[in-house]
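Following: one structure in structure tokens, then a few remarks.
This structure is a prediction, so every number in the text was calculated from the model and none was measured. Order of the sequence lines fixes the chain letters, A, B, ..., with proteins taken first and strands second; residue numbering starts at 1 for each chain.
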Amino acid sequence: MTRQQARAVFQALYHCWGPQHWWPGETPFEVMVGAILTQNTSWTNVERAIGNLKALGVLEAGAILALSEASLAEALRPSGYFNVKAARLRAFCRWYLEQGGFGVLRRLDTPTLRERLFSVHGIGPETADDILLYAFERPVFVVDAYTRRLFGRLGLLPEGLDYESIRAAFEQALGPDTACFNEYHALIVQHGKSVCRPRPRCAECCLSRLCNSANPDTVQGSKQKA
DNA sequence: TACCAGGAGAAAA
DNA sequence: TTTTCTCATGGT
């Protein structure tokens, strides 16, 4: 993928959807909690769970750890996978406090911080990069299922490419640009939720021109099952 | 009713 | 090493 291709997609998405103002969290810690809770879950459900934590007055690492796992799971219920996410959120909070909190972590270089996030049970590459980009404002491109789907359909990324290779492809094409990565990922998600779904509504797709030139077989969803 | 959603870890092959 | 299964609520 060339810089020109990456920028062309960005411009088309931005023109179609406008600025997305991500991430919708009031504090870096809330962004990190949201990144864990949104795993394989729609954001509207995550908002309910975060609302529960706020109502309990526990949207803080120490307060979350002070809750029993059952109480925490109950608060997280609307976000789905609540037992799994309660354990993951507690693991993250323990790590967060052990590390010294946001003020200490923000002084680490990005590769070190990324490696340390990977050491937390329940934080994989996408969640780590969400946290790096939206909470720590590091120039890390977040790759998700929408990114794979969209750029696969555009013919700009081969199928089966691993996470790190896709991330590197974007970062190499665009250069380190936190603001751009922030907006780009948000636009891909917005586009994915609205148009570029497993059963795409390509007639409504602002990228149809790019799709047609890149990969005519997949553009109109002709190879997708009806 | 079935599909899908801002994944990750464990188990099985 | 790679693939498959499990976790679960809520909207369309």
Side-chain angles (χ1 to χ4, degrees), chain A residues 9-10 13 17 19-25 28 30-53 69-95 114-136 138 140-153 158-167 170 180-202 204 221 224-226:
Chain A
V9 174
F10 176 84
L13 290 173
W17 302 107
Q20 299 298 301
H21 306 295
W22 273 30
W23 186 293
E30 184 178 331
V31 171
M32 295 183 235
V33 171
I36 293 168
L37 297 186
T38 199
Q39 291 170 355
N40 209 31
T41 302
S42 63
W43 183 253
T44 52
N45 291 353
V46 174
E47 285 181 315
R48 291 192 182 90
I50 290 178
N52 288 344
L53 294 177
E69 193 152 323
S71 299
L72 180 58
E74 191 56 38
L76 302 184
R77 179 179 286 273
S79 70
Y81 305 114
F82 50 86
N83 289 317
V84 170
K85 287 178 180 175
R88 289 180 182 175
L89 187 54
R90 285 171 62 83
F92 172 76
C93 288
R94 276 194 295 273
W95 171 86
R114 195 164 190 264
E115 280 307 309
R116 291 197 187 179
L117 283 166
F118 282 157
S119 73
V120 182
H121 177 88
I123 294 189
E126 183 181 338
T127 305
D129 290 344
D130 270 334
I131 290 171
L132 286 167
L133 177 60
Y134 291 104
F136 288 93
R138 304 298 174 90
V140 175
F141 197 92
V142 179
V143 177
D144 65 354
Y146 290 130
T147 309
R148 295 172 189 275
R149 188 187 304 157
L150 174 59
F151 285 81
R153 285 179 184 163
E159 274 188 44
L161 205 57
D162 65 276
Y163 184 97
E164 294 301 329
S165 300
I166 297 173
R167 185 173 69 86
F170 277 98
C180 172
F181 293 174
N182 179 318
E183 198 64 56
Y184 210 146
H185 176 61
L187 286 165
I188 289 169
V189 172
Q190 175 59 40
H191 184 73
K193 286 198 293 189
S194 307
V195 180
C196 196
R197 299 168 65 86
R199 296 177 184 176
R201 303 203 295 264
C202 288
E204 305 168 31
Q224 304 290 326
K225 292 178 182 176

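Ring planes of A:Phe151 and A:Tyr184: tilted class, angle from 30 to 60°.
Rounding to the nearest 0.5 Å gives a distance of 10.0 Å between NE2 of A:His185 and OH of A:Tyr146.
The side chain of A:Tyr146 lies closest to B:dG6, out of B:dG6, B:dA8, B:dA10. Closest contact between the side chain of A:Pro78 and the listed nucleotides C:dG10, B:dG9, B:dG6 involves C:dG10. The side chain of A:Arg149 sits closest to B:dA5 out of C:dT9, B:dA10, B:dA5. Considering only the side chain of A:Arg77, C:dT9 comes nearest among B:dG6, C:dC7, C:dT9. When distances are taken from the side chain of A:Asn45 to each of B:dA10, C:dT9, B:dG6, the shortest belongs to C:dT9.
Contacts of A:Asp130 with the nucleic acid, taken as non-hydrogen atoms under 4.0 Å apart, are absent. Across all strands, A:His185 comes closer than 4.0 Å to no nucleic acid atom at all (heavy-atom distances).
If you take CD of A:Gln39 and P of C:dT6, they are 19 Å apart, rounded to a whole angstrom. Between the CG atom of A:Leu133 and the C1' atom of B:dG6 there is a distance of 12 Å, given to the nearest Å. Going from atom NZ of A:Lys193 over to atom C1' of B:dC3 covers 17 Å, rounded to whole Å. In this structure, A:Leu37 atom CG and C:dC7 atom P are separated by 19 Å, rounded to whole Å. Rounded to an integer number of Å, the gap from CD1 of A:Ile123 to C1' of B:dG9 is 13 Å. Per the geometry, CZ belonging to A:Phe82 stands 19 Å off P belonging to B:dG7, to the nearest Å. Remark: C1' of B:dA8 and OH of A:Tyr81 are 10 Å apart, rounded to the nearest angstrom. Separating the CG atom of A:Leu117 from the C1' atom of B:dA8 is a distance of 14 Å, rounded to the nearest angstrom.
Of the two residues contacting DNA chain C, namely A:Arg48 and A:Asn40, the nearest-nucleotide position lying further toward the 5' end is that of A:Asn40. Comparing A:Gly192 and A:Gly124 by the nucleotide of DNA chain B that holds the closest heavy atom to each, the one mapping nearer the 5' end is A:Gly192.
With A:Asn182 contributing its side chain and A:Trp22 its backbone, the two residues share a donor-acceptor pair below 3.5 Å.
With its ring centre under 5.5 Å from that of the base six-membered ring and a plane angle below 30°, A:Trp22 counts as stacked on B:dG6. Residue A:Trp43 and nucleotide B:dA5 are not classified as a stacked aromatic pair, given the requirement of ring centres less than 5.5 Å apart at an interplanar angle below 30°.
Comparing the same atom, C1', in B:dG6 and in C:dC5 gives a spacing of 22 Å after rounding to whole Å. Between C:dG10 and B:dA8, the distance separating the two P atoms is 22 Å to the nearest Å.
For the OP1/OP2 pair of B:dG7 and a distance below 4.0 Å, the side-chain nitrogens and oxygens of A:Arg148 include no atom meeting the criterion. OP1 or OP2 of B:dA8 lies within a sub-4.0 Å distance of a side-chain N or O belonging to A:Thr127.
Judged by distance alone, the side chains of A:Asp144 and A:Thr147 do bring a donor and an acceptor atom under 3.5 Å apart.
A salt bridge is absent between A:Arg148 and A:Glu126; no separation between the charged side-chain nitrogens and carboxylate oxygens falls under 4.0 Å.
Scanning both residues, A:Leu37 and A:Lys85, for their nearest heavy atoms gives O-NZ, 2.5 Å.
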